[in-house]
Amino acid sequence: MTEGSRRATDRRGELTGSGLSALMAFSFAVVVILGKQVQAGDLPFVMLAIRFGGQSVLLLGLVALTGRPLLPLPEERRALAIAGTIGYGSEAAFYFSALNHGSAAAVTLLFYTYPVWVMLATIALDRKGPPGMLFVALGLAIAGSAMVVLGGGGADITSLGIVLALCTSVAFTCRSVPTR
């Protein structure tokens, strides 16, 4: 990685980033699977505490292994606190509220519309369109989500569940779109 850049510039950095992304996807899948308890009326706090506590331990280990500082720079702390409380908090609230109005599979599928929102936000910020194949991929994502909304595939979700799941994806997008 070059100084001032957050993008990997070598093979090792790319593999590390891919591995961390896979770990994040796995931990999200665990939340989805265990999220069925929320549908049964159980509160999600214990499950979330275990998930985020476990991730904190993993991240502390990663920080120690890489020799990076434990705390962010003073000028980064406020933004990180806001992202953690408002960003992640609103996502979790929307997601677990949506689970009370639909199946975990339907809610998660609708959450994965976030690449569409990211693309639209990026187009608005960059003021130029992405390559054509990206439109095809995002069109397929919208088509899959439309099948859920229209009742295809036996997905069980109410109108309120659809709105809450889409709010989850928009909240995720707000954290994901790079600021310029």
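Every value quoted in this text rests on a predicted model; they were computed, and no experiment measured them.
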Next on the checklist: Would you compute the distance between atom OG1 of Thr158 and atom CG of Asn100 and round it to the nearest 0.5 angstrom?
Outcome noted: 9.5 Å
Next on the checklist: Apply side chain to side chain contact (heavy atoms under 4.5 Å, CB included) to residues His101 and Leu164 and explain how you reach the verdict.
Outcome noted: CA-CA 9 Å; His101 301 282; Leu164 290 168; 3.8 Å; yes
Checklist entry - Quick one: do Val107 and Leu110 end up in the same hydrophobic cluster if we chain Ile, Leu, Val, Met, Phe, Trp and Tyr together by side-chain heavy atoms under 4.5 Å apart? => result yes
Next on the checklist: Do Phe94 and Val170 sit in one hydrophobic cluster, given that two such residues count as connected whenever their side-chain heavy atoms are within less than 4.5 Å of each other, even indirectly?
Outcome noted: no
Checklist outcome for this item: OG1 of Thr173 to CD of Glu91, rounded to nearest 0.5 Å, is 8.5 Å
Checklist entry - Can you tell me how far the OG1 atom of Thr16 sits from the CZ atom of Arg11, to the nearest 0.5 Å? => result 10.5 Å
Checklist outcome for this item: On a heavy-atom basis, the closest approach of Arg77 and Leu71 is NH2-CB, 3.7 Å
Checklist outcome for this item: What one should report as the nearest heavy-atom pair of Gly161 and Ala98 is O-CB, 3.8 Å
Checklist outcome for this item: By side chain to side chain contact (heavy atoms under 4.5 Å, CB included), Leu58 pairs with (sequence neighbours left out) Leu23
Next on the checklist: Can you list everything that forms a side chain to side chain contact (heavy atoms under 4.5 Å, CB included) with Ser169? Sequence neighbours excluded, please.
Outcome noted: Phe111, Thr113, Tyr114, Trp117, Leu166
Next on the checklist: As an exercise, state the distance from CG of Leu160 to SG of Cys167, rounded to the nearest 0.5 Å.
Outcome noted: 9.0 Å
